[in-house]
Amino acid sequence: MSVVSAVPFMRPIHMRSPVSQGRRHTLPASEFRSLSPEDAISVFEIEREAFISVSGECPLHLDEVRHFLSLCPELSLGWFEEGRLVAFIIGSLWDQERLNMDALTLHKPHGTTVHIHVLAVHRTFRQQGKGSILMWRYLQYLRCLPYVRRAVLMCEDFLVPFYQKSGFKVQGRSAIAVGPLTFIEMLYPVRGHAFMRRNSGC
């Protein structure tokens, strides 16, 4: 489940140059890194605002955010600008062909499928293409993980075109429902990009 603006798929932007001379700090203008349990509160604040305003439900509660960032931080990616989290993805490993209710809370260490639980962008940074850029970087990163064969996610119908622009294919209606909400399951074949992996510097 994820909330992003349905914007065209874009390639990553160049890093901005450091800000003005009068301002002293050592934080990078723009940084992408895996998240840690210490980032959980910032993650949850962005997620809660994004999802409650749209669907009334959060994909992950705060304890679940901490759970996944403790078990598999390497399957998360945060975008920070001057030290502030502006967008993030949280994933875990799954070991079955399709998602079921267990996939919402479990991490299967020997799985070869990355289940993308959530992609969210801070409200002041939406409508800028950041969701597309972050997803592009995340999928590039997954190509560098030899055990990952594919990525899957579930989303509401209106987000299907956004993920299709990122290369995901519709698999059909998800078996998972949350209250009145139903979802479409989508697949991205990471293993199908072996040539790109060989030439990606991984």
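Please read these numbers as outputs of a predicted model, since none were measured by experiment.
Side-chain N or O atoms of Arg149 include none that pairs as donor or acceptor with a backbone N or O of Val190 at under 3.5 Å. No donor-acceptor pair closer than 3.5 Å links the side chain of His61 to the backbone N or O of Asp63. Judged by distance alone, with hydrogens and angles left aside, the side-chain atoms of Arg150 form a donor-acceptor pair with the main-chain N or O of Glu97 at under 3.5 Å.
Atoms CZ and CG, on Arg48 and Leu60 in that order, are 14.0 Å from each other to the nearest 0.5 Å. How far CZ of Phe162 is from CE of Met135: 6.0 Å, rounded to the nearest 0.5 Å.
By the 4.5 Å heavy-atom criterion applied to side chains, Met186 and Gln164 are counted as neighbours. At least one side-chain heavy atom of Val43 sits under 4.5 Å from a side-chain heavy atom of Ile90. Contact check for Leu77 versus Leu35: no side-chain heavy atoms found under the 4.5 Å cut-off. In this structure, Phe183 and Cys155 have side chains that are not in contact, with every pair of non-hydrogen atoms separated by 4.5 Å or more. Contact of the Leu75 side chain with the Leu93 side chain is registered, since non-hydrogen atoms from C-beta on lie closer than 4.5 Å. At least one side-chain heavy atom of Phe125 sits less than 4.5 Å from a side-chain heavy atom of Arg84. Considering only heavy atoms from C-beta on, Ile184 stays 4.5 Å or farther from Glu156 through its side chain.
Between Tyr138 and Tyr141, the ring-plane angle classifies as tilted under the 30° and 60° cut-offs.
Within the structure, the side-chain hydrogen bond (donor to acceptor under 3.5 Å, both in side chains) test picks out the following pairs touching residues 99-109 (sequence neighbours left out): Gln96-Asn100. Pairs of residues two or more places apart, or lying in two chains, that qualify as side-chain hydrogen bond (donor to acceptor under 3.5 Å, both in side chains) and include a residue from residues 169-179 are Asp157-Arg173, Arg173-Thr182. The side-chain hydrogen bond (donor to acceptor under 3.5 Å, both in side chains) contacts involving residues 35-47 comprise Arg33-Asp39, Ser36-Glu38, Ser36-Asp39, where partners must be two or more places apart or lie in separate chains. Screening residues 111-120 for salt bridge (charged side-chain N to carboxylate O under 4.0 Å, His left out) gives no qualifying pairs among residues at least two apart or on separate chains.
Smallest separation of non-hydrogen atoms from Phe88 and Val118: CE1-CG1, 3.7 Å. The shortest heavy-atom contact between Arg66 and Ala40 is CG-CB, 3.5 Å. Of all the heavy atoms in Leu85 and Gly78, the pair that sits closest is CD1-CA, 4.0 Å. Residue Phe168 comes nearest to Ala151 through the heavy atom pair CE2-O, 3.9 Å, listed as atom of the first residue, atom of the second, then distance. Here the shortest heavy-atom pairing between Gly91 and Cys72 reads O-SG, 3.5 Å. Between Ser30 and Trp79, the shortest heavy-atom distance links the atoms OG-NE1, 2.9 Å.
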Apply the test side-chain contact (heavy atoms from CB on, under 4.5 Å) to residues Leu134 and Phe32: give CA-CA distance (whole Å), side-chain angles for both, the deciding distance (0.1 Å), then the verdict.
CA-CA 9 Å; Leu134 186 63; Phe32 296 84; 3.9 Å; yes
side-chain contact (heavy atoms from CB on, under 4.5 Å), that's the test. Do Glu185 and Leu153 meet it? Break it down for me.
CA-CA 6 Å; Glu185 190 165 320; Leu153 57 83; over 6 Å; no
Check step by step if side-chain contact (heavy atoms from CB on, under 4.5 Å) holds for Trp94 and Val114.
CA-CA 6 Å; Trp94 183 240; Val114 172; over 6 Å; no
Passes side-chain contact (heavy atoms from CB on, under 4.5 Å), Leu99 versus Val152? Steps please.
CA-CA 8 Å; Leu99 298 174; Val152 297; 3.7 Å; yes
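The salt bridge (charged side-chain N to carboxylate O under 4.0 Å, His left out) search around Glu64 returns none, not counting sequence neighbours. Under the ring-ring contact (aromatic ring centres under 6.0 Å, His included) criterion, Phe68 pairs with His117, sequence neighbours left out.
Under a hydrophobic-cluster definition in which Ile, Leu, Val, Met, Phe, Trp and Tyr are linked whenever side-chain heavy atoms come within less than 4.5 Å, directly or via other members, Leu104 and Leu106 are assigned to different clusters. Clustering ILVMFWY residues whenever any of their side-chain heavy atoms sit less than 4.5 angstrom apart, transitively, puts Ile89 in a cluster other than the one holding Leu71.
Between the side chains of Ser166 and Trp136, no donor-acceptor pair of N or O atoms lies under 3.5 Å.
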